[in-house]
Q: 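Take a look at the following structure, please.
Lettering follows sequence order; numbering is per chain, from 1. Predicted model only: the values in this text are computed from it and were never measured.
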Amino acid sequence: MSPRHTNNWAILVSTSRYWLNYRHIINTFSMYHVVKRLGIPDSNIILMIPDDMACNPRNTLPAQLFNNESHALDVYGRDVEVDYRGYEVTAANFLSVLTGRHPPGVPRSKRMLSDPSSNVLVYLSGHGGDEFMKFNDVEELLAQDLADGLAQAAEKRRYRELLLIVETCQAATLVQRVDAPNVITLACSQKGEQSLSYKSDPELGISLIDRFTYQTLAFFESIGIDSNATLQDLFNTYSYDLMLSHYSYRMTNASRGGPNVVKLTDFFGSVSETRTDSIRSNQDSLLHGDTNMARYLAGYLKQDADWDIDSSLLQVQPSARVHSTSLAGLVPIAQQRTWGSLTVQGSGVAVLLGMLCLVTGRALFRSAGGNARAPAPS
Amino acid sequence: MSPEAQAPSGRSRRRLWGVIYIIAYVTLAVAFWYRTVRVPRVPFPQDDITALEVELTDPLAAALPATVTVYVVCPGPGYNCLEYKDVSPFAQALGEAVLREGGLQGDQAPLVVRVVHDAPGACSTSSWVAPGAKQRLAGASAGDALGCLDLSTSQELRRSVLSLGEREFDDWVAKELAGQDRPGNYFLFLMPDPWMTVKALPHGFVGRRRAAAARYVPARGPAHETVVRLAALLVAPAFASYLGRDQGQFPDSGPDPDAGLPLPLSPAAQLHLSFSLCNAHPSPHDPLRAASAAAAAAAASAEGADGPDEGAARSAALTWAFPSFETQFLQPLKEVLAPAVRLTVSSQVLYFTPPRVNATWDPARRAHVVPHHQLPFLVDPDWPLDPGRTGLPNSAAGGGTTPYDLAAAVAGSRHIGVGEVLAPPTAAVGSAGHAAAERAAAAARPRLMPPRGAEALPPAVLNMVLLAPPPRLRPLLLLGPDGEPAAANSMRMPGWGMLQVLNQVPPEGAILAAVEQEPMQAFAAEAVSQLRSLLGLGAARRALLTHNPRHNATPAANVGGFPVVPRGHRPYAGPPPVGTLSVLTALRTGLAPWEVDALVRRRVREDVAAAGSTLAALGRLLEKVPTLALPPAVGAVVGDALGSARRALRLAAKGRYEEASRAAQEARAWAEAAFGDPSLSARLNVPDTHLVGVYLPFCLPAAVPLLQALFAELFRRRRSKPQPEAAAVAGTAAAAAVAAAAAVATVAAAAKQAAPTVEGSTPKKAGAVAEGSTPKKAGAGAEAGTPKKAQTEAEGGTPKKGHKHGHKGGKHGGRK
């Protein structure tokens with residue numbers, strides 16, 4: 001494990017769509033609200049939301065999402081940045097985020113660009129069962145796939161420590177195969193147990209949140225960005241009477257100690273080292289302080305004609321292809337044949353075939369004509 | 001042949017064709033099944049990767065060597081010079097001193113110290129090679145090594161050189177060493193100075209390129225302990241930084257706060273600097289202003305000091321002229337970093353980005369202050385700093401219409417060497433040959449190009465933020481850990497970037513105002529300074545800059561002109577430093593080439609190590625995860641990465657910085673691209689229960705008639721004596737049936753749980769199959785004179801009847 005912890009990432013996933021699963025999306029948005037409040041910027045949050053509840057026609061409180069019937073806190077907020085939405089929320093995409101395997105065109109905001117000094121929070125909420133979790137009602141994430149994905153992330157050193165929270169029925173079965181190092185798993189229910197909903201809202205006519213997440217949020221409401229609360233402090237607030245399920249945790253980093261030494265802000269907050277020193281000397285200046293130089297150079301910049309610009313220095317745009325050398329040829333590894341290239345190739349083959357037909361036909365014609373003109377054998 | 005003999009033969013032939021059809025069906029089905037379930041994997045060069053890993057355990061693996069040529073000037077009689085026999089021991093003493101001051105081990109640092117002793121009538125040289133590098137560097141030729149420069153023979157030249165200032169001397173050295181200024185090749189001039197006072201000597205300085213100089217008291221000579229130590233204190237940080245593994249700090253200057261942090265570079269060695277001008281509150285309507293001003297005034301009156309200046313509460317939206325800023329300050333930085341990093345920049349101006357923490361009014365400083373412990377929370381995560389939002393890689397650097405890297409071709413770089421004083425370009429724009437000259441100059445400039453497949457690897461991003469605080473909090477000061485204001489009112493966060501506060505007061509009544517030139521220049525200098533630290537190059541410069549305060553052993557504040565020793569640093573417990581040092585700053589770039597060389601050394605080591613570990617990790621995963629694929633394209637990239645890593649090792653051993661840098665970049669980029677190729681994990685895990693669920697409905701309809709045919713054939717053979725000529729056919733049929741049974745054995749075994757369902761559905765399916773599979777028999781019956789009966793039985797007869805009918809028909813035919 002890297003001794004330095006310099007940045008945080010969060011992967012927050014709701015795996016359920018449709019209005020009746022409002023609470024699963026609210027679970028995830030509530031967690032999003034918490035981690036943003038505690039300092040993780042949007043650029044370090046991968047948010048996967050399969051359905052747009054805020055604009056659902058059955059939502060009587062449009063453009064708002066609440067996890068409490070008091071409607072005190074709109075977890076949709078003013079600025080939500082959903083990275084994967086709708087049918088982009090798949091088990092494969094979730095594992096891609098975890099392992100960092102993306103096609104070339106995937107934008108930076110959809111990738112977890114973590115490093116060995118990153119602490120990662122993974123939160124999953126949705127329907128599940130014995131060793132599986134449903135994604136979008138059409139596929140399943142299996143416990144073995146999750147364990148393999150985490151093992152690959154560990155091999156690639158994509159995290160320093162990872163906290164995996166699962167809010168689903170029989171959640172403990174989903175994480176029981178995880179053997180990647182430096183992972184802390186937290187499951188809301190045991191095998192055979194349900195993860196139950198909470199807070200029915202008469203106005204919306206639906207449950208707002210799940211019990212485990214509600215208990216977790218209730219604790220987080222009391223901590224700030226500089227809190228020293230630990231995982232054990234959070235566990236102390238969990239109660240079967242409230243959750244109607246038994247939570248469990250597992251730590252694959254034996255040397256880390258127990259949950260009483262794991263600070264919550266290590267995963268839910270943005271821990272950053274700040275330095276104010278500036279390695280400067282009295283000789284540090286640029287351009288002798290010549291204030292006229294900027295105008296001089298800017299003037300030259302304006303004088304440059306387009307044809308005068310060395311194109312080899314230009315940044316290669318994503319859609320462009322460099323034709324010059326193999327070194328700079330941006331050829332993707334799994335290059336797909338496009339219709340354009342197929343058309344070109346097909347046209348080439350057609351032209352060749354046409355030429356072949358012409359040559360063959362002409363040869364046949366000549367041979368036929370030649371035979372006609374040739375004298376009969378004696 | 002008689003009809004009696006023909007009938008059994010025809011049936012046997014039909015049976016034979018049936019069996020062949022079954023075999024073909026099963027064969028195709030198995031092939032199809034295998035095709036659909038197999039995980040494609042090409043051979044993985046595990047042995048080669050293991051060998052590479054073993055090779056990388058060598059402490060000198062991918063270590064780029066440094067050769068320091070020490071030019072010792074001996075003017076002649078009257079000076080304490082080296083004897084010929086003392087040159088080699090001098091080189092060894094200097095080399096060992098450099099290793100000691102740099103915290104290096106001799107067997108882990110490829111250092112060469114070459115001494116050129118310039119005495120009247122004699123020019124002698126001697127080299128010392130670090131013990132671990134002797135074998136590697138034995139074959140390395142001196143190449144165009146420095147010869148004597150006639151400094152000892154020409155008194156006039158010597159006098160003119162010694163009278164030069166440091167910057168002028170640096171320029172003179174650059175002129176003399178025109179062809180030898182290359183990465184890994186450094187020069188140190190040791191000169192006796194009879195004009196400076198003894199108290200001021202020895203004194204040394206590090207130049208703007210790859211040269212340094214030290215002057216000493218003529219009576220002491222170059223081999224004096226203080227001169228050797230000062231030379232080592234110069235050379236170790238400047239020219240031997242990152243020469244060893246994980247070495248970026250120096251014992252003398254205390255622990256480096258940035259040590260151990262990963263380089264903020266992408267696997268393709270790309271770094272994107274996202275410049276943001278954040279206007280916290282550009283609007284004059286600030287509801288908090290009145291309350292804040294009242295509180296500050298109350299606090300000030302309680303302290304007996306003045307409150308915040310009302311004039312400072314003028315608000316306007318600040319903008320900047322980023323294209324000229326980029327041209328003036330960033331373009332030279334890009335060029336000097338080009339051998340090590342592909343640097344790109346973008347800019348944006350943001351409005352309404354209030355700090356997340358509240359500053360308090362400090363009457364003593366007459367400013368609002370943010371204590372150090374609150375600095376991590378100063379930047380609000382709601383600030384849209386991410387350049388992805390503004391369309392990375394395009395940016396507004398060129399007015400929103402031109403690619404941000406366009407400035408790589410601007411006039412600012414024409415005919416200007418790194419660190420030189422700016423000179424106007426000679427070729428006029430539009431003149432003949434101008435474009436060709438520019439292209440030639442650009443091609444000659446060493447730079448990293450994006451390797452193949454780099455588009456799949458996003459760049460690393462560092463934020464460079466200039467924060468204009470809300471007018472009610474102006475002036476705003478950031479406090480350091482000691483409670484004093486930060487040196488440049490800035491801060492940095494490793495992996496994130498830097499932030500500087502801009503306390504510019506806009507003109508009265510202005511709605512929009514430009515950031516003035518002076519703060520822009522200060523921001524540029526601070527951005528370079530913080531970037532140096534973020535790239536791990538701060539320790540070397542800190543070691544050089546804190547030398548004088550440590551040497552003087554006086555309160556640093558009393559030493560005019562010298563930097564303050566950062567608080568929190570442990571005082572050095574070893575021998576006190578000798579002499580004085582100064583560091584010349586590269587005026588245009590801010591970063592000197594010797595600093596970039598250190599970055600190249602570090603990056604090459606780390607890139608090759610990362611490529612090896614990534615490939616090894618892929619190998620381990622292929623063994624561990626059975627569903628992980630390795631398509632041929634990825635296998636080829638693995639081979640490329642392996643080849644590039646080996647090439648980087650070879651080139652690094654030869655000291656070819658630029659080529660080794662490129663090879664290491666390719667090795668890491670391709671290793672990452674191979675590991676991160678999405679086709680590897682295209683297949684998810686499928687448990688056995690899912691296999692049953694998938695294959696049972698697929699195979700069972702095909703298996704039932706096969707099994708039925710098998711049983712029917714066996715039953716027929718048991719009930720009737722096989723004819724001699726039909727025995728072979730029957731045997732073949734039995735073998736084929738067994739093969740068919742074996743092919744569906746998996747399904748049968750897996751279907752144990754579903755056995756009742758299968759059994760329950762068998763008669764119906766068997767009937768359906770019997771109808772479909774015995775048309776010829778039914779047809780034969782119709783031909784035999786019972787068309788109605790045969791049709792009736794074939795269409796509506798029970799499976800049992802159909803089966804029986806076929807069987808009987810067979811028997812009947814056999815009797816005939």
Side-chain angles (χ1 to χ4, degrees), chain A residues 4 6-7 36 39-41 43 79 95-96 99-104 107-109 111 115 117 142 144-145 148 152 155-156 225 272-284 286-288 291 293-294 297-298 300-301 303 308-310 313-315 318 327-334, chain B residues 257 260 262 324 327-329 375-377 381 386 388 393 403 405 408-412 429 435 438-439 442 449 452-453 455-456 458 478 480 486-488 491-495 517 524-525 529 538 541-542 545 561 563 566 583 585 587 590 617 621 625 633 637 673 676-679 681 684-685:
Chain A
R4 302 287 287 267
T6 60
N7 60 81
K36 275 195 77 172
I40 300 182
S43 58
D79 186 15
L95 292 173
S96 293
T99 58
R101 295 207 175 95
H102 298 278
R108 198 169 176 278
S109 62
R111 300 167 182 250
D115 57 42
S117 61
L142 300 180
Q144 190 59 52
D145 284 325
D148 288 347
Q152 294 179 49
E155 277 289 353
K156 191 63 191 62
I225 50 182
S272 52
E273 304 174 29
T274 310
R275 313 198 195 297
T276 51
D277 63 304
S278 181
I279 311 168
R280 304 273 293 277
S281 73
N282 57 337
Q283 296 192 17
D284 273 332
L286 295 175
L287 285 175
H288 297 287
T291 53
M293 199 51 67
L297 293 174
Y300 254 96
L301 178 65
Q303 287 177 28
D308 196 28
I309 294 170
D310 187 353
L313 297 179
L314 298 182
Q315 173 73 15
L327 180 70
L330 299 175
V331 183
I333 293 168
Chain B
S324 64
T327 305
Q328 187 179 8
F329 299 110
L375 291 184
F377 315 111
D386 187 9
D405 221 0
V410 300
V429 176
E438 284 300 303
R439 275 195 295 273
M449 297 295 286
R452 173 165 50 89
E455 60 186 9
L478 309 182
M491 66 172 190
R492 70 173 182 278
M493 287 186 268
Q517 181 67 18
S529 172
R541 196 171 173 86
R542 187 183 297 110
L545 291 179
V583 184
T585 302
L587 291 176
L621 283 175
V625 183
V637 178
D677 196 286
S679 59
S681 51
L684 294 177
N685 180 58

Q: When only pairs under 4.5 Å are counted, which of Gly495(B), Ser681(B), Pro262(B), Ala487(B) shares the most heavy-atom pairs with chain A?
A: Ser681(B)

Q: Between Pro458(B) and Arg108(A), what is the shortest heavy-atom contact and its length?
A: CB-CG, 4.1 Å

Q: Heavy-atom distance under 4.5 Å to chain B: side chain of Arg111(A), backbone, both or neither?
A: side chain

Q: So which residue, Glu273(A), Glu155(A), His102(A), ends up with the most heavy-atom pairs under 4.5 Å with chain B?
A: Glu155(A)

Q: Non-hydrogen atoms of chain B under 4.5 Å away: do they reach the side chain of Pro107(A), the backbone, both or neither?
A: neither

Q: Heavy-atom cut-off 4.5 Å, strictly under: side chain, backbone, both or neither for Leu142(A) against chain B?
A: side chain

Q: Taking all non-hydrogen atoms of both residues, which atom of Asp277(A) and which atom of Arg492(B) are closest, and how far apart?
A: O-NH1, 3.1 Å

Q: Under the side chain to side chain contact (heavy atoms under 4.5 Å, CB included) rule, collect the residues that match up with Thr276(A), sequence neighbours excluded.
A: His372(B), Leu375(B), Pro481(B), Ala486(B), Met491(B)

Q: Name the region of Leu95(A), side chain, backbone, both or neither, that has any atom closer than 4.5 Å to a heavy atom of chain B.
A: side chain

Q: For Ala488(B), what residues pass the side chain to side chain contact (heavy atoms under 4.5 Å, CB included) criterion, not counting sequence neighbours?
A: Ser278(A), Arg280(A), Ser490(B), Gln500(B), Glu526(B)

Q: Is any side-chain heavy atom of Asn7(A) closer than 4.5 Å to a side-chain heavy atom of Asp115(A)?
A: yes

Q: Given side chains that start at C-beta, do those of Thr6(A) and Met493(B) come closer than 4.5 Å, heavy atoms only?
A: no

Q: Heavy-atom pairs under 4.5 Å with chain B: which of Gln144(A), Lys36(A), Lys156(A) has the most?
A: Lys156(A)

